[in-house]
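Reviewing the structure listed below.
A, B, ... follow the sequence lines: proteins, then strands. Residue 1 opens every chain. This one's a predicted model, so the numbers in the text were calculated from it and none came from an experiment.
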Number of protein chains: 2
Amino acid sequence: MRDIKEKILHHEYPKMKLPDERSLSEIYGISRSSVKRALDVLVQQGIIFKKRGSGTFINPLYLKNRAMFRYEGSNLGITDSFRLDGKKQGIQLLNYRVIPASKEIQQDLFLNENDYVYKIERLRLIDEQPFMIETGYIPIKILPSLSPAVLQKSIFNYLENAKGKQVTRSYLTLTVEPSNTADQKLLKLNENEPVGVMAGVFFLDDGTPFEVSNMRVHYKYMRFNTFVSVGRD
Amino acid sequence: MRDIKEKILHHEYPKMKLPDERSLSEIYGISRSSVKRALDVLVQQGIIFKKRGSGTFINPLYLKNRAMFRYEGSNLGITDSFRLDGKKQGIQLLNYRVIPASKEIQQDLFLNENDYVYKIERLRLIDEQPFMIETGYIPIKILPSLSPAVLQKSIFNYLENAKGKQVTRSYLTLTVEPSNTADQKLLKLNENEPVGVMAGVFFLDDGTPFEVSNMRVHYKYMRFNTFVSVGRD
DNA sequence: AAGTGGTCTAGACCACGCG
DNA sequence: GCGTGGTCTAGACCACTTT
């Protein structure tokens with residue numbers, strides 16, 4: 001997959017068409033099924049598309065306008081899902097305590113009756129400008145040692161560096177709401193200025209639900225790019 | 001896949017856990033590979049998640065979020081992307097004319113200097129309730145015959161039924177804005193009630209950019225579910 | 001050690017598009 | 001008719017979790 005992607009970017013398929021799957025399987029010395037798995041990922045990323053009976057083609061738009069497609073579902077979490085290019089990020093810890101997991105959170109994180117979670121409220125800033133209020137719930141059994149110092153930085157980075165665990169997926173619901181008084185105060189909004197809300201669960205690479213998060217985002221900073229493809233139901 | 005989805009929605013897996021893949025393959029009399037393909041789609045849709053060594057679990061958030069109108073990663077287009085379970089949809093044509101494509105639209109739709117596009121403004125309703133203002137630009141050369149009658153219904157369906165072309169992908173940017181006076185009037189919003197904006201391009205299955213669209217959605221009807229996974233590059 | 005998902009294989013047969 | 005992608009099979013072996 002990596003090799004084919006490279007070749008596409010380096011224009012090594014001048015006819016905008018890939019070799020057929022059976023040839024690719026021979027070229028790379030792998031089974032056709034494996035070729036299919038690889039190509040299906042590229043389809044998902046919008047890089048190629050397949051036409052039954054005709055072949056597999058490179059999406060010209062991907063080459064012409066790579067910037068447009070570059071989210072590629074490959075950015076996740078706060079640290080890089082917002083366009084922070086070179087801007088200075090800040091985190092202000094608003095509140096932080098350990099509480100018993102509510103019924104709802106138990107359900108979302110697959111916890112038991114007597115499991116505890118951190119409740120973490122943070123204000124995120126970019127270039128001194130507050131742009132997001134984040135409320136997160138993390139099971140203490142996943143991160144038994146979480147200090148305020150760590151919470152001033154990216155929890156995801158901490159997880160990866162200190163624990164070798166990666167946050168690889170999230171299931172988020174995006175909605176829109178008028179701002180409430182807390183939003184207005186913390187995010188410096190007027191009464192008629194709204195927030196975007198991203199709420200959901202983050203998962204570790206092994207599938208463990210890791211955090212329930214609710215993010216209220218200043219509307220000017222709320223921007224979400226998505227490449228949608230039709231599913232066959 | 002359909003059967004399992006049904007069972008999930010009808011809470012027929014009370015432990016939030018599916019049978020293991022080998023059992024499913026026996027239950028349905030299919031190979032384990034086929035079970036995997038089916039489950040992988042449900043994973044992609046954020047309905048379930050898998051934990052190697054443990055099993056396959058239902059995403060509790062998915063059940064919670066089965067609210068009214070959803071725009072899912074797996075569905076596209078207006079007609080079926082919003083889950084309109086039994087509700088009556090309406091379309092009101094606000095405005096409709098042919099204009100030269102602006103520079104920006106030329107770029108987005110890969111048009112030439114002197115190409116023309118339809119500019120189509122429509123108000124969408126659900127159960128008599130207006131919920132979205134839609135402004136679309138479509139090249140006349142793709143749909144030379146577009147009548148107001150067609151515009152009262154789904155353009156995507158028309159494309160598929162009359163022209164045999166399918167809209168299979170879109171690239172959308174989601175943002176949040178305070179409502180303007182036009183929004184307030186058409187969508188029956190108060191001054192401090194916002195709209196969600198979905199703007200982007202729709203593509204045909206052969207990769208042709210087909211429509212530039214801007215959708216302003218009543219905030220109560222704006223709900224976007226997304227399952228993000230980190231790409232392995 | 002047993003159970004569960006992850007990856008991969010080598011092939012069969014089907015459905016679609018095109019010459 | 002032939003070449004192409006689509007679907008499916010029946011298994012092998014690996015990696016991780018739980019008992």
Whole angstrom value for the distance that separates [atom2] of [N] from [atom1] of [X]:
X	N	atom1	atom2	answer
A:K15	D:dT4	NZ	P	12 Å
A:E21	D:dG5	CD	P	5 Å
B:R52	C:dG5	CZ	C1'	7 Å
A:Y28	C:dC8	OH	P	15 Å
B:E26	C:dG3	CD	P	13 Å
B:F57	D:dT18	CZ	C1'	11 Å
A:M1	C:dT7	CE	P	12 Å
A:D20	C:dG17	CG	P	17 Å

Does B:H10 reach the main-chain N or O of B:I8 with its side chain, forming a donor-acceptor pair under 3.5 Å? no
Has B:K17 got its NZ or CZ under 6.0 Å from the middle of the six-membered ring of B:F57, at an angle within 45 degrees of the ring axis? yes
Is any N or O donor-acceptor pair between the side chain of A:R32 and the base of D:dG6 shorter than 3.5 Å? yes
pair A:N59-A:I48: side-chain heavy atoms closer than 4.5 Å: no
Tell me which nucleotide among C:dG17, D:dT18, C:dA15 gets nearest to the side chain of B:S54. D:dT18
Please determine if a side-chain N or O atom of [X] lies less than 4.0 Å away from the OP1 or OP2 oxygen of [N].
X	N	value
A:R37	C:dC8	yes
B:K36	C:dG6	yes
A:S31	C:dG11	no
B:S34	D:dT7	no
B:K50	C:dG6	yes
B:R22	C:dT4	no

Closest-nucleotide mapping onto DNA chain D: is A:D206 or B:V35 further toward the 5' terminus? I mean the 5' end. B:V35
Sorted by position of nearest nucleotide on DNA chain D, 5' first, the leading residue of A:L39 and B:G53 is A:L39
Atom CD of B:E12 with >12 non-hydrogen neighbours under 6.0 angstrom: yes
5' precedence on DNA chain C between B:K17 and B:S33 (nearest-nucleotide basis): B:K17
Contact nearer the 5' end of DNA chain C, comparing A:I30 with B:L18: B:L18
For residues A:F202 and A:Y171, establish whether the separation of their ring centroids is below 6.0 Å. no
